[in-house]
J.: 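Could you have a look at this structure, given as structure tokens, before my questions?
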Amino acid sequence: MRAVIMDAPRQVTVADREDPQIIEPTDAVIRVTAACICGSDLWPYRGAEEADHLLMGHEYVGIVEEVGAAVRTVKPGDFVVGSFVISCGECEICTAGFPSRCVHAEFVHGGIGTQAERARIPYADGTLVATPGQPEEDLIPSLLAASDVLGTGWYAAVAAEAGPGKTVAVVGDGAVGLMGVLAAQQLGAERIVISSRHADRQALAREFGATDIITERGDAAAEKVRELTDGLGAHSTIEAVGTQESMMQALRSTRPGGNMGFVGVQHGVEIPGGELFFSQVQVLGGPAPVRRFLPDLIQRIWDRRINPGRVFDLTLPLEQAAEGYRAMDQRTATKVLLTL
């Protein structure tokens, strides 16, 4: 089969790999029908993480081709959406609502890689969710978004306790930040402020429910959020970047007693203990437990209540994956969908 491999930073190839096979009775093999490039894929692309013949891709939808003897919730022919983290669905961590930290957790990129024609998904019952039927073609981008970026933005909004009567500040206007806006709107937030300097992303943020756009960053952005909230700060803040500046901006944008949900993959972040202590901000984040939210998100998409697939602004065939990586690296695309 054909698959995307990152041989080294900025060196992306599409090469032949062996077709996956059932190994454990809890496995499923799926034929991937759509995949995409994630903002987190840019960390190894830019050399911030190791990239040595790395199997790429962790966002995926597809059709089940084969299942192991122990699989009960999906069957051949089902159209499925999968989480970007493998999870058993049965351990105490999973049942507590944090399947991304399952005792059997495995990130899909690296060892599996779903920017590929097929994939073996371990612990299929705990990782995959079947859609109510075969989706119409125009729903596939939105279902694909649920695999990670929508679920991650949703988790950030839930962790930040976005809801009715709340002002939500969003730090980061990439795909996850935009999905955080959509999630906050769906959860009933009264006001949603996003920091963005890109006209196209600002327009999409408005479409998803943003009420205020600010162009400031860092401390200037935090000050602007306080100005918009009578000097208090946001009730809920979503951090969707993962840098020192974005984390401090998010913390300083949040009022005492407020909540910050952080989902940007952390790189070189150090929060001063004294500032965190006196902020009295409640903080929750990390790898999103997407599997926990998938049934609800799939139903919202199926019912056409939300259209997160709008976040994809460039579609390319799998064979042109390298072009997609360049586009996202150069910020000429927000998020790239790969067709198979």
Side-chain angles (χ1 to χ4, degrees), residues 38-43 48-49 58-59 83-85 87 93-94 96-102 105 107-109 145-163 166-184 186-187 189 192-195 217-218 221-222 225 233-273 275-294 296-297:
C38 183
S40 63
D41 292 334
L42 297 180
W43 292 109
E49 294 177 1
H58 55 266
E59 299 164 281
S83 166
F84 71 96
V85 182
S87 55
I93 306 302
C94 283
F98 291 89
S100 54
R101 294 293 292 154
C102 170
F107 285 104
V108 171
H109 83 279
S147 181
D148 177 359
V149 68
L150 171 62
T152 295
W154 201 275
Y155 172 56
V158 169
E161 296 194 5
K166 301 281 188 73
T167 293
V168 180
V170 180
V171 180
D173 66 350
V176 172
L178 292 168
M179 294 296 97
V181 170
L182 185 153
Q186 286 286 298
L187 294 170
I192 304 170
V193 183
I194 186 170
S195 182
R217 290 181 180 172
V225 170
H235 300 90
S236 307
T237 303
I238 292 170
E239 189 285 323
V241 183
T243 65
Q244 182 72 26
E245 181 182 63
S246 65
M247 284 290 286
M248 298 313 298
Q249 177 181 328
L251 182 66
R252 292 167 181 168
S253 295
T254 313
R255 67 179 60 193
N259 297 77
M260 182 176 91
F262 67 98
V263 292
V265 180
Q266 303 288 289
H267 286 81
V269 174
E270 295 183 0
I271 299 178
E275 181 167 358
L276 180 62
F277 181 79
F278 286 106
S279 73
Q280 289 202 297
V281 170
Q282 301 169 82
V283 178
L284 175 63
V290 168
R291 179 60 178 79
R292 172 172 130 201
F293 302 112
L294 275 181
D296 176 45
L297 298 181

J.: Applying side chain to side chain contact (heavy atoms under 4.5 Å, CB included), can you list everything that pairs with A48, at least two apart in sequence or on another chain?
T.: W43, H267
J.: Of all heavy-atom pairs between V85 and S100, which one has the smallest distance, and what is that distance?
T.: CG1-O, 3.7 Å
J.: Rounded to the nearest 0.5 Å, what separation is found between the OG1 atom of T167 and the CZ atom of R255?
T.: 6.5 Å
J.: Within this structure, what is the OG-CZ distance for the pair S195 and R217, rounded to the nearest 0.5 Å?
T.: 7.0 Å
J.: Y155 and side-chain contact (heavy atoms from CB on, under 4.5 Å): which partner among L284, V176, V290?
T.: L284
J.: Distance from R291 atom CZ to C94 atom SG, nearest 0.5 Å?
T.: 9.0 Å
J.: In terms of side-chain heavy atoms, does H58 have a donor or acceptor partner in D148 at a distance below 3.5 Å?
T.: yes
J.: Can you name the closest pair of heavy atoms from G286 and V263 and give their distance?
T.: O-CG1, 4.0 Å
J.: Working note: E239 + S246, criterion side chain to side chain donor-acceptor pair (under 3.5 Å); need CA distance, chi angles, decisive distance, verdict.
T.: CA-CA 7 Å; E239 189 285 323; S246 65; 2.7 Å; yes
J.: Any donor and acceptor pair, going by atom type alone, linking the side chain of K166 with main-chain N or O of S236 inside 3.5 Å?
T.: no
J.: Can you name the side-chain hydrogen bond (donor to acceptor under 3.5 Å, both in side chains) partners of Q186, sequence neighbours left out?
T.: R300
J.: Nearest 0.5 Å, what's the CD-SG distance between E59 and C38?
T.: 4.5 Å
J.: Hey, are the side chains of V265 and E49 touching, using non-hydrogen atoms and a 4.5 Å cut-off?
T.: yes
J.: Do N259 and T237 have side-chain heavy atoms sitting under 4.5 Å apart?
T.: no
J.: Under the 3.5 angstrom rule, does the side chain of S279 hit a backbone N or O of L276 as a donor-acceptor pair?
T.: yes
J.: Can you check whether F293 reaches V158 side chain to side chain, under 4.5 Å on heavy atoms?
T.: yes
J.: Once rounded to the nearest 0.5 Å, what's the spacing between atom CZ of F84 and atom OG of S40?
T.: 8.0 Å
J.: Minimum heavy-atom separation for V269 and G242, please, with both atom names.
T.: CG2-O, 3.5 Å
J.: Could you please spell out the steps behind the side chain to side chain contact (heavy atoms under 4.5 Å, CB included) verdict for M247 and I271?
T.: CA-CA 8 Å; M247 284 290 286; I271 299 178; 3.6 Å; yes
J.: Kindly compute the distance separating CD1 (I238) from CZ (F262), expressed to the nearest 0.5 Å.
T.: 13.5 Å
J.: Would you say that more than 12 heavy atoms from the other residues, nucleotides or ligands in this model lie under 6.0 Å from the CD of E275, or not?
T.: yes
J.: Locate the shortest heavy-atom distance separating G268 from Q244; write the atom from each residue and the value.
T.: O-OE1, 3.4 Å
J.: Minimum heavy-atom separation for P272 to E270, with atom names?
T.: CD-O, 3.7 Å
J.: If you take all heavy atoms of S253 and A222, which pair is closest and at what distance?
T.: OG-CA, 3.4 Å
J.: Does the side chain to side chain contact (heavy atoms under 4.5 Å, CB included) test come out yes or no for V170 and V193, once each step is laid out?
T.: CA-CA 6 Å; V170 180; V193 183; over 6 Å; no
